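To find a chain, count down the sequence lines: A is the first, B the second, and so on, and within it residues start at 1. Remember, predicted model here, so these are calculated numbers, not experimental data.
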Amino acid sequence: MKKKASKSVSKISSVYDHLKIEKKWQADWKKSGIYKTKEGGKKPKAYVLDMFPYPSGSGLHVGHPKGYIATDVFARFKRMSGFNVLHPMGWDAFGLPAEEFALKNKIHPSIAVKTNVKCYKDQLSILGFCYDWDREVNTTDPEYYKWTQWAFLQMHKKGLTYESHEPINWCPSCKTGLANEDLDNGKCERCGSIVEKKPIRQWVIGITKYADRLLSDLDALDWPNSIKESQKNWIGRSEGSELTFEIKGGESVSVFTTRPDTIFGVTYLVLAPEHHLIEKIKPRIENWDKVQSFIKDVAKKTQIERTAEGKEKTGVHLSGISAVNPANGEKVPVWIADYVLADYGTGAVMAVPAHDERDFVFAKKYNLPIMAVIGSEHVSDEKAYTGGGTLINSGKFNGKDSESVIKEITKFCNGKLVVRYKLRDWVFSRQRYWGEPIPLVHCASCGVVPVPEKELPLKLPNVKFYEPTGTGESPLAAIDKWVNTKCPQCKGPAKRETNTMPQWAGSCWYYLRYMDPKNKKMLVDPKKEKYWSPVDVYVGGTEHATRHLIYARFWHKFLYDIGVVSQSEPFTQLRNQGLIMGPDGQKMSKRFGNVVNPDDIVKLYGADSLRVYEMFMGPFEQAISWSTDNMLGSRRFIERVWRLKQKISKDSVKKDTEQLLHKTIKKVGQDIQGFSHNTAISSMMILLNALESEASVDKKTYETLLLILAPFTPHITDDLWSQLGHKKSIHLEVWPTYDESKLISDSFKIMIQVNGKIRGSLETNNPEEAFVIKAAKEKPEIKKYLDGNEIIKEIYVKNKLVNFVVKG
RNA sequence: GCUCGGGUGGUGGAAUGGUAGACACGGAGGACUUAAAAUCCUCUGACCUUUAAAAGUCGUGUGGGUUCGAGUCCCACCCCGAGCACCA
């Protein structure tokens, strides 16, 4: 490895000493504080934000800074363009990874976090980012999590939280309950263990109350389509009807269906094996032994086993139980089956085997009747017809169109139109140590009582033993001194809530804290909030599509509802950086041994080279493999800019060069704003190539090149800037303006086509159609295609192209 | 299965319906050098004809279509990636 590095280093020239220069300017910026953000003044604001990192023990690899570089370029560009820029950084440090790291290395998490944060900060600092470190936040800081707890209490007050004993996702290896969002295909997103359903006392936040707004407000956001789609899928809105079937004997069961139009085709009813009705009607179930053992079998299976693809549906008939179809009063049998999920819809479905694939398969297997009610032409014994059409066998609705009849049939059956979501309420408690304590107290006489706000932060006790218990109790439960407290209401003995908050809690609102990081009285000063909100550009990875980005939007909307924030959405524009893969094309990971460390790259080639390369390597949102060879091109580009300085002279600038310069200023500015950094850099390379081919370059032109390059290569441009005699940092300069009139060329190259094929070109300063067409026809290379043929059509695209359409 | 992206040289990639392959990497040749590195210059999609110059044909996953003109728009299909999924 070392040998390879020393071989590579010889590939670069020693035209400038990146180590010395970068160190000097980083120290200089720190001393002068040029990146400190102040409120006030008349400048418009720009809030440019990175998803703050989780400081893990393994440090950064070369892929992590890609997004940070892009926002840094953006922030620097905005600052030069006259904006008051907020560009902060902080640490998301509560949660399982930090705790696991601590347990493994036998260091207390609070210490491990400190070490890791320092390591991350060191790694970031050598890349020359323009963060205002005075605004640094850390979610594990009691002064920070005080407000995480405060927000939870506000939700509690508004009745948005509830205590539940329902079975939830339990990771046997992490020994904690998990939210649906923490699952990846039925496995724990963190450790990959198969998650079990386990009844555990837990705190849940009613995020589903916000489902509609989370969905509809997506439309106005400037976010990547894929993220919006992911969120839409996750929220999973579906419109349908809730219909009630009477059960013979007194009870009733309601079902959710998106196809009430098929109700006359119901031939049986299916309940989820966990359905609460079963307990009630148990005495009347004639084959209870069989039913009970089926329920037990299903309960034993994991979610994965139950929903495995191609898995055969199984069920059992509840003998002696029947339900009444509200549409026609007919009796239908009632079954329980594993293909009906307890936690979607009402946990019960009306089965229409003729028009639903699952019901069809099930009906075939158990020999249940199949009754077609849509479009006689579609009736088949092979498979279900799931489309729409004309109703048949549907009483007074016969002949009507299935889609248009939905409302009418629902009303006819005394049902109601409802909207259902896949989104579940947010399981908010974790049975682990390293998280924000949930600020509630359990009192035998008063019930659940919130910790008074003035007692916040409710600090996480500093203890030696914090291993997860696995019993469903948090390790905090074992700390008697902490658990036993007084009821804030009646002052009697009471016990603290011992669960902690999930990893995602602290990251739900950190962008607000950056606006006002030191405020002790409130979460954020309303004036500051109003000034900085919303975040203008937010950059991070796609892995947060249905986790952080849903939670944060929800949290923000809640804060909006209680008047803490002024906007209903936190992040106006979102951009996702594509991964940087290892040189072998695989995801960078210790496991594959393909990790490239930014520290090594910076040492050998400089931070400026790394920055240029990561922005130049391809479209920002795309995953691309790292190539040190390709990176050398970026280093060479910087060296050539450095060397070009020797060519500065007093000669006046050539007209072509001036035009290219203005074109480049325009393009670079536009591309930075559009996150097309790769083409911004290539256009500067084109400019550099042109300048190099001249005998000399005038100072003003060279300075302009430095200015537009400054956001990408902050160190070398500041150095060259000062070499040119400037006292003030280049980063405090104003972004150069381009002159639209300079962009207009006075001569044009016009392509000449015959029948759409390029046959020649024409250089002219007269764009008149008649002139150009005449001139084009006279060109010998064109003439030979026209002679003897009839010209049917002449097309002229001004300043660009002529096309002769000929016959013959 | 549904939804959303994407498929362009040896490689990363560029192209408001109007010169496909900008820019860069890699490669080949040359200059400089005692030599190497670095640097600079020239060439570099495929095929084909010709001594050569030059020209021609093909070419953006496949097959159709719209258009004077398609990498770009429309239809069908194939492949790759992401999200959701026994969701009623």
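Separation of the P atoms belonging to B/C40 and B/A24 is 11 Å when rounded to the nearest angstrom. Taking atom C1' in both B/C43 and B/A36, one finds a spacing of 24 Å when rounded to whole Å. Of the P atoms belonging to B/G9 and B/U72, the separation is 15 Å, rounded to the nearest Å. To the nearest whole angstrom, the two P atoms, one in B/G63 and one in B/C79, are 16 Å apart. B/A20 and B/A55 have their P atoms separated by 15 Å, with the value rounded to a whole Å. Of the C1' atoms belonging to B/A14 and B/G7, the separation is 16 Å, rounded to the nearest Å. Between B/G6 and B/G12, the two C1' atoms lie 16 Å apart (nearest whole Å).
Across B/C25, B/C84, B/A88, the shortest atom-to-atom separation from the side chain of A/Trp234 is found for B/C84. Closest to the A/Thr679 side chain, of the nucleotides B/A14, B/A22, B/C86, is B/A14. Distance from the side chain of A/Asp629 is smallest for B/C25 among the nucleotides B/C23, B/C25, B/A85. Distances from the side chain of A/Thr258 to the nucleotides B/A88, B/A20, B/C23 place B/A88 closest. When each of B/G26, B/A88, B/U19 is scored by its nearest atom to the side-chain atoms of A/Arg636, the top-ranked nucleotide is B/G26. Comparing atom distances between the A/Pro619 side chain and each of B/G83, B/G12, B/G13 picks out B/G13 as nearest.
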Dump the pairs, protein N or O against N or O of nucleotides 2-5 of chain B, anything under 3.5 Å, distances to one decimal.
| unit_1 | atom_1 | unit_2 | atom_2 | d |
| --- | --- | --- | --- | --- |
| B/U3 | O2' | A/Glu229 | OE1 | 2.6 |

Find every protein N or O atom lying less than 3.5 Å from an N or O atom of nucleotides 68-75 of chain B, and list the pairs.
| unit_1 | atom_1 | unit_2 | atom_2 | d |
| --- | --- | --- | --- | --- |
| B/C68 | OP1 | A/Lys793 | NZ | 3.2 |
| B/C68 | O2' | A/Asn803 | ND2 | 3.4 |
| B/C68 | O2 | A/Asn803 | ND2 | 2.4 |

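To the nearest angstrom, P of B/C87 lies 10 Å from OH of A/Tyr339. Between the C1' atom of B/G18 and the NZ atom of A/Lys749 lies a distance of 14 Å, rounded to the nearest Å. Rounded to an integer number of Å, the gap from CG of A/Asp356 to C1' of B/C86 is 9 Å. Atom pair A/Phe360:CZ and B/C86:C1' shows a separation of 16 Å (rounding to whole Å applied). The nearest whole Å value for the distance from the CG atom in A/Leu549 to the P atom in B/A82 is 19 Å.
A/Tyr613 is linked by a ring pair (Phe, Tyr, Trp, His ring centres under 6.0 Å) to A/Trp626, counting only residues two or more places apart in sequence or in another chain.
At the phosphate of B/U19, neither OP1 nor OP2 sits under 4.0 Å from any side-chain N or O atom of A/Arg759. Of the side-chain N and O atoms in A/Tyr421, none sit less than 4.0 angstrom from OP1 or OP2 of B/C84. Residue A/Ser238 places at least one side-chain N or O closer than 4.0 Å to OP1 or OP2 of B/A88. In terms of phosphate contacts, A/Lys232 brings no side-chain nitrogen or oxygen within less than 4.0 Å of OP1 or OP2 of B/A85.
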Requested in this report: Show your reasoning for whether salt bridge (Lys or Arg N to Asp or Glu O under 4.0 Å) applies to A/Glu229 and A/Lys232.
Outcome: CA-CA 5 Å; A/Glu229 285 303 318; A/Lys232 278 181 197 165; 3.8 Å; yes
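A salt bridge links A/Lys777 to A/Glu794: one of the charged nitrogens lies within less than 4.0 Å of a carboxylate oxygen. Using a cut-off of 4.0 Å between Lys/Arg side-chain N and Asp/Glu carboxylate O, A/Glu692 and A/Arg640 are scored as salt-bridged. Between A/Arg635 and A/Asp608 no salt bridge is recorded (no basic side-chain N to carboxylate O distance below 4.0 Å). The pair A/Lys647-A/Glu694 does not count as a salt bridge, with every side-chain nitrogen at least 4.0 angstrom from each carboxylate oxygen. Taking 4.0 Å as the cut-off between side-chain N and carboxylate O, A/Lys667 and A/Asp671 count as a salt-bridged pair.
Secondary-structure stems of RNA chain B, taken as three or more successive Watson-Crick or G-U wobble pairs (i with j, i+1 with j-1) under a 3.5 Å distance threshold, comprise B:1-7 with B:78-84, B:10-12 with B:23-25, B:26-31 with B:39-44, B:45-47 with B:56-58, B:61-65 with B:73-77.
The aromatic rings of A/His677 and A/Phe712 stand perpendicular to each other, their planes meeting at an angle above 60°, with 30° marking the opposite boundary. The aromatic rings of A/Tyr339 and A/Phe362 are tilted relative to each other, their planes meeting at an angle between 30° and 60°.
Near RNA chain B, meaning a heavy atom under 4.0 Å from it, residues 685-695 of chain A has A/Met685, A/Ile686, A/Asn689 in order of number.
Where A/Thr346 and A/Met751 meet RNA chain B, the nucleotide closest to each residue was compared, and A/Met751 sits on the side nearer the 5' end. Across the interface with RNA chain B, nearest-nucleotide mapping of A/Gln622 and A/Gln231 shows A/Gln622 to be the residue nearer the 5′ end.
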Quick tally for nucleotides 27-33 of chain B: nucleotides whose base has a protein heavy atom under 4.0 Å get B, sugar-phosphate-only ones S, the rest -, giving -------
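Each of A/Thr244, A/Ile409, A/Ile263 was scored for a side-chain contact (heavy atoms from CB on, under 4.5 Å) with A/Pro326, with one residue passing: A/Ile263.
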